[in-house]
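Letters go in sequence order (proteins before strands), and every chain restarts at 1.
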Protein chains: 4
Amino acid sequence: MEEKMSRRERKKIQSKQTILQAAVHVFSTKGFQETSIADIMNQADLGIGTFYNYFESKEDVLKCLLKSVVEEICQAFEKFVEDKCAPADILEKTVMLSARLLSENRFVLPLFLSAANLSGMPEGSAELPAEPSAFKLLFNRIIASGQDSGAFREDIPTEVVTELFHSMFQAASFSSLPMGFEENIRLKLQLVLDGLRAR
Amino acid sequence: MEEKMSRRERKKIQSKQTILQAAVHVFSTKGFQETSIADIMNQADLGIGTFYNYFESKEDVLKCLLKSVVEEICQAFEKFVEDKCAPADILEKTVMLSARLLSENRFVLPLFLSAANLSGMPEGSAELPAEPSAFKLLFNRIIASGQDSGAFREDIPTEVVTELFHSMFQAASFSSLPMGFEENIRLKLQLVLDGLRAR
Amino acid sequence: MEEKMSRRERKKIQSKQTILQAAVHVFSTKGFQETSIADIMNQADLGIGTFYNYFESKEDVLKCLLKSVVEEICQAFEKFVEDKCAPADILEKTVMLSARLLSENRFVLPLFLSAANLSGMPEGSAELPAEPSAFKLLFNRIIASGQDSGAFREDIPTEVVTELFHSMFQAASFSSLPMGFEENIRLKLQLVLDGLRAR
Amino acid sequence: MEEKMSRRERKKIQSKQTILQAAVHVFSTKGFQETSIADIMNQADLGIGTFYNYFESKEDVLKCLLKSVVEEICQAFEKFVEDKCAPADILEKTVMLSARLLSENRFVLPLFLSAANLSGMPEGSAELPAEPSAFKLLFNRIIASGQDSGAFREDIPTEVVTELFHSMFQAASFSSLPMGFEENIRLKLQLVLDGLRAR
DNA sequence: CATGAATGAGCTTTCATTCAT
DNA sequence: GATGAATGAAAGCTCATTCAT
């Protein structure tokens with residue numbers, strides 16, 4: 001049974017959570033690149049060596065953070081599909097849910113993408129794309145189904161639209177505009193959705 | 001006369017060019033963050049110390065690269081305005097010119113933005129924004145004039161649209177889609193432009 | 001109980017001592033300015049990075065070395081005062097104790113002073129004077145009390161005499177005369193003390 | 001004839017003087033250690049390479065600066081001897097002349113000594129002692145003659161007294177006391193001279 | 001499982017020196 | 001003789017990673 005864990009197991013999970021929270025805090029404060037593992041563990045009030053009991057690298061932490069976000073979004077999406085929402089509705093709802101979830105950890109997605117992107121993809125293509133691709137696959141599905149049903153125009157390849165949505169999240173994360181993350185996304189969503197609708 | 005330079009002066013200018021080209025090459029290959037100054041000068045086949053005769057830092061190189069691109073785009077824009085092109089036309093032409101110019105140095109703009117963004121903005125906001133803001137100002141002008149003339153919808157704030165265009169360039173730079181940089185931009189431009197037009 | 005320390009803690013303290021001793025040795029051999037941190041850690045047979053677990057810079061090592069010397073001298077001085085020694089006696093004893101303590105680390109005081117002095121005082125005046133001023137204050141006290149009691153002449157300002165004693169230590173440190181550090185100080189002390197006595 | 005020099009020769013000397021003056025200025029401002037050769041030549045408004053036409057190193061500049069000072073003092077001393085001044089008089093006059101000459105270039109002597117001293121004498125003993133020893137020899141002569149004539153006490157070795165005078169100059173150079181260089185020297189001279197006189 | 005001292009590769013930066021012009 | 005671009009050795013310092021405790 002899942003709820004049965006030894007004290008040790010619970011403590012182990014506890015430590016991992018502590019580190020994740022500390023990482024979120026320090027990443028938000030100092031930025032990802034500028035954060036050292038010592039910074040994280042210092043914030044977590046744990047020994048440096050302990051980090052390596054739970055993670056392999058800083059990127060690994062990021063992967064872990066993103067994973068939970070992606071999972072929640074996927075679950076919601078499945079629900080929307082079951083409810084037979086219209087494609088445009090599903091897209092809008094999923095985008096805005098993503099916005100809500102990411103607004104608190106707004107550095108997660110972009111940093112994750114950036115970690116892969118900006119590094120010129122040294123070996124990133126092998127290591128990181130685990131979760132981002134889940135994200136992309138999800139959006140591909142939504143948009144493709146909208147195109148199939150005739151709700152969305154088809155002259156723009158599905159993946160291009162997906163990429164555009166991605167970049168919206170990324171840009172919103174670092175926006176300095178005088179509005180919140182979600183509002184930023186909402187406005188761009190309107191624009192793109194209007195452009196995307198079949199005439 | 002300008003063409004009158006001593007051999008020495010010519011050589012100096014050539015060295016700077018050599019370094020810039022080497023930097024472009026290495027940044028494209030290894031990524032900006034992962035590139036060391038030694039990497040650049042090794043590629044340039046020059047001594048490490050020589051770097052500091054021309055630049056103060058890696059960021060300085062980026063600034064230099066972007067500067068020339070921005071200047072060229074600005075000049076073209078002024079020309080479009082003189083020719084009294086329609087706002088949508090100006091936007092399209094400017095975007096596509098930017099795409100063409102950046103396609104060769106596709107890492108320049110996004111890395112430049114990212115350098116400021118991803119670093120958690122330690123002091124980046126003070127140092128780097130010189131040129132990106134020129135970029136933003138240009139697009140703000142184009143879009144605002146389109147909104148004033150009634151060509152573009154006004155319910156989306158100008159700066160939000162600008163930000164969206166920015167993110168398009170950024171995303172296209174690192175796209176792994178099976179199409180060129182310019183084609184990538186062209187498709188998204190269509191989408192956004194359709195969404196942007198007043199009904 | 002103080003003697004209760006984990007093995008680890010003891011080892012840590014021992015490492016610091018090892019580094020200090022290595023520094024003393026290399027400073028004496030190569031001089032302070034010419035000594036690199038790599039030199040010290042090489043002599044200590046420890047990794048370079050280890051240095052920064054214990055000290056912030058070369059100057060920090062110096063500060064640490066001087067600190068213990070100054071503290072010991074101060075304690076002795078307090079004792080002399082309690083014993084109601086005559087000012088000339090206190091001066092002589094303190095000078096000779098300083099000589100004895102410094103004779104082993106004879107480079108400590110002068111280098112410390114020099115580090116501040118010779119660097120053209122870039123920011124040295126803010127960082128280093130912590131301990132030297134303790135030294136100066138101590139001598140000022142001794143000499144002033146001698147002047148107050150009528151034992152020492154008063155036509156020479158206290159601080160000037162202090163400065164003279166300082167320079168004696170400095171000079172003796174680098175003397176190439178065929179006599180020991182302490183003998184060097186003893187002779188000059190006689191000379192200056194005779195000049196200092198009120199007629 | 002000396003006054004007959006080719007234009008070239010005059011220009012050559014001019015450049016050397018320019019460099020020396022620039023060096024004096026920059027040394028005084030930034031300190032010796034912190035001054036780079038580029039700093040000097042920048043101040044001199046001459047090309048960096050030109051430095052090596054006249055000097056071999058920064059230390060060479062120092063040597064050159066001290067040389068002229070020492071020569072002038074030696075000449076004055078010879079004059080005092082011819083005038084059959086008393087030893088104490090000669091000592092006082094020579095010290096005060098040295099003080100006057102050095103007060104303008106107060107960094108010259110101490111830096112020169114320090115350059116040799118603080119470096120732990122790596123190879124300094126071979127390169128630098130050229131001029132300082134002239135200085136020491138001069139003072140040795142003065143004091144020894146005073147001791148021979150019975151004017152000065154003989155229980156302090158000549159060289160020890162010389163060393164004490166040296167350290168006076170050094171200390172005065174970096175004194176932060178609220179008095180001028182010469183006044184500083186004058187006060188200490190009184191003290192030491194009184195201690196030095198035979199009883 | 002937790003620890004943190006030890007490590008050294010690797011980075012940026014400085015600067016004396018050379019040499020072709 | 002004057003120049004200053006090119007150079008690379010050498011410095012200080014950071015930090016991910018290991019491992020004995």
Side-chain angles (χ1 to χ4, degrees), chain A residues 7-9 11-12 14-16 34-42 44-59, chain B residues 6-16 18-19 33-39 41 44-58, chain C residues 6-16 18-19 33-41 44-59, chain D residues 7-9 11-12 14-16 34-42 44-59:
Chain A
R7 173 193 260 272
R8 184 169 214 165
E9 243 168 313
K11 197 166 179 193
K12 190 173 162 183
Q14 163 82 51
S15 281
K16 186 159 187 174
E34 282 64 33
T35 296
S36 70
I37 282 162
D39 287 334
I40 298 171
M41 299 312 283
N42 194 26
D45 205 28
L46 286 169
I48 291 174
T50 306
F51 180 88
Y52 293 92
N53 291 335
Y54 298 100
F55 301 99
E56 292 194 329
S57 65
K58 236 175 14 174
E59 282 72 22
Chain B
S6 70
R7 200 132 168 319
R8 196 169 204 168
E9 244 166 312
R10 266 181 285 123
K11 204 174 175 190
K12 191 176 170 182
I13 287 180
Q14 204 215 310
S15 280
K16 186 159 188 174
T18 303
I19 295 173
Q33 295 280 1
E34 282 64 33
T35 296
S36 72
I37 281 156
D39 288 332
M41 299 311 283
D45 205 30
L46 287 169
I48 290 175
T50 305
F51 180 87
Y52 293 93
N53 290 341
Y54 297 98
F55 302 99
E56 292 195 329
S57 63
K58 236 177 12 173
Chain C
S6 69
R7 198 132 167 319
R8 196 167 204 170
E9 242 166 313
R10 266 180 286 124
K11 205 174 174 191
K12 189 177 171 182
I13 286 179
Q14 206 215 310
S15 280
K16 184 160 190 174
T18 303
I19 294 174
Q33 296 279 0
E34 281 65 30
T35 296
S36 71
I37 282 155
D39 288 333
I40 297 170
M41 299 312 283
D45 205 29
L46 286 170
I48 289 174
T50 305
F51 179 88
Y52 293 94
N53 291 340
Y54 297 98
F55 302 99
E56 292 194 328
S57 64
K58 238 178 8 174
E59 282 73 21
Chain D
R7 175 193 258 272
R8 185 169 215 168
E9 243 167 311
K11 198 167 180 193
K12 191 174 166 184
Q14 162 82 51
S15 281
K16 186 160 188 173
E34 283 64 32
T35 296
S36 69
I37 283 162
D39 287 333
I40 299 171
M41 299 311 283
N42 194 25
D45 206 28
L46 287 170
I48 291 174
T50 306
F51 180 88
Y52 293 93
N53 291 335
Y54 299 100
F55 301 98
E56 292 194 328
S57 64
K58 234 176 15 173
E59 283 72 22

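For the pair A/Ser15 and E/dC1, the criterion of a side-chain N or O lying under 4.0 Å from OP1 or OP2 is not met. The side chain of D/Asn53 places an N or O atom within less than 4.0 Å of a non-bridging phosphate oxygen (OP1 or OP2) of F/dA2. The side chain of D/Thr50 places no N or O atom within less than 4.0 Å of a non-bridging phosphate oxygen (OP1 or OP2) of F/dG1.
Of the two residues near DNA chain F, B/Asp45 and C/Thr35, the one whose nearest nucleotide lies more 5' is B/Asp45.
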Dot-bracket notation for DNA chain E, counting Watson-Crick and G-U pairs under 3.5 Å, with | for partners on another strand: .||||||||||||||||||||
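When the C1' atom of F/dA10 is taken as reference, atom CD of C/Gln33 falls 15 Å away, rounded to whole Å. We find that NZ of A/Lys16 is positioned 12 Å from P of E/dA2, with the value rounded to whole Å. Rounded to whole angstrom, the span from the CZ atom of C/Arg10 across to the C1' atom of E/dA5 amounts to 15 Å. Nucleotide F/dA16 holds its C1' atom 16 Å from the CG atom of A/Asn42, rounded to whole Å. In this structure, C/Tyr54 atom OH and E/dG4 atom C1' are separated by 10 Å, rounded to whole Å. Distance C/Ile37 CD1 to E/dT7 P: 16 Å, rounded to the nearest Å. Distance D/Phe51 CZ to F/dA5 C1': 19 Å, rounded to the nearest Å. Atom P of nucleotide E/dT12 and atom CE of B/Met41 are separated by 12 Å, given to the nearest angstrom.
Here the shortest heavy-atom pairing between C/Met41 and C/Thr50 reads CE-CB, 3.8 Å.
B/Gln14 meets the side chain to side chain donor-acceptor pair (under 3.5 Å) test with no other residue; sequence neighbours excluded. For C/Ser15, the side-chain contact (heavy atoms from CB on, under 4.5 Å) partners two or more places apart in sequence, or in a different chain, are C/Tyr54.
For the atom pair OG of B/Ser57 and OH of B/Tyr52, the computed distance is 8.0 Å after rounding to the nearest 0.5 Å. We find the OG1-NZ distance between B/Thr18 and B/Lys11 to be 10.5 Å, quoted to the nearest 0.5 Å. In this structure, OG1 in D/Thr35 is found 12.0 Å from CG in D/Asn42, a value given to the nearest 0.5 Å.
Considering only side-chain atoms of C/Lys12, the nucleotide from E/dT12, F/dA5, E/dA5 that sits closest is E/dA5.
Side-chain contact, B/Asp39 with B/Ser36: a donor N or O sits under 3.5 Å from an acceptor N or O.
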What protein N or O atoms touch nucleotides 18-21 of chain F N or O atoms at under 3.5 angstrom, if any, and at what distances?
none

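At the heavy-atom level, D/Glu56 lies under 4.0 Å from the strands shown only through sugar-phosphate atoms.
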CA sep, side-chain torsions, deciding dist, call: A/Ile40, A/Lys58, side chain to side chain contact (heavy atoms under 4.5 Å, CB included): CA-CA 9 Å; A/Ile40 298 171; A/Lys58 236 175 14 174; 4.3 Å; yes
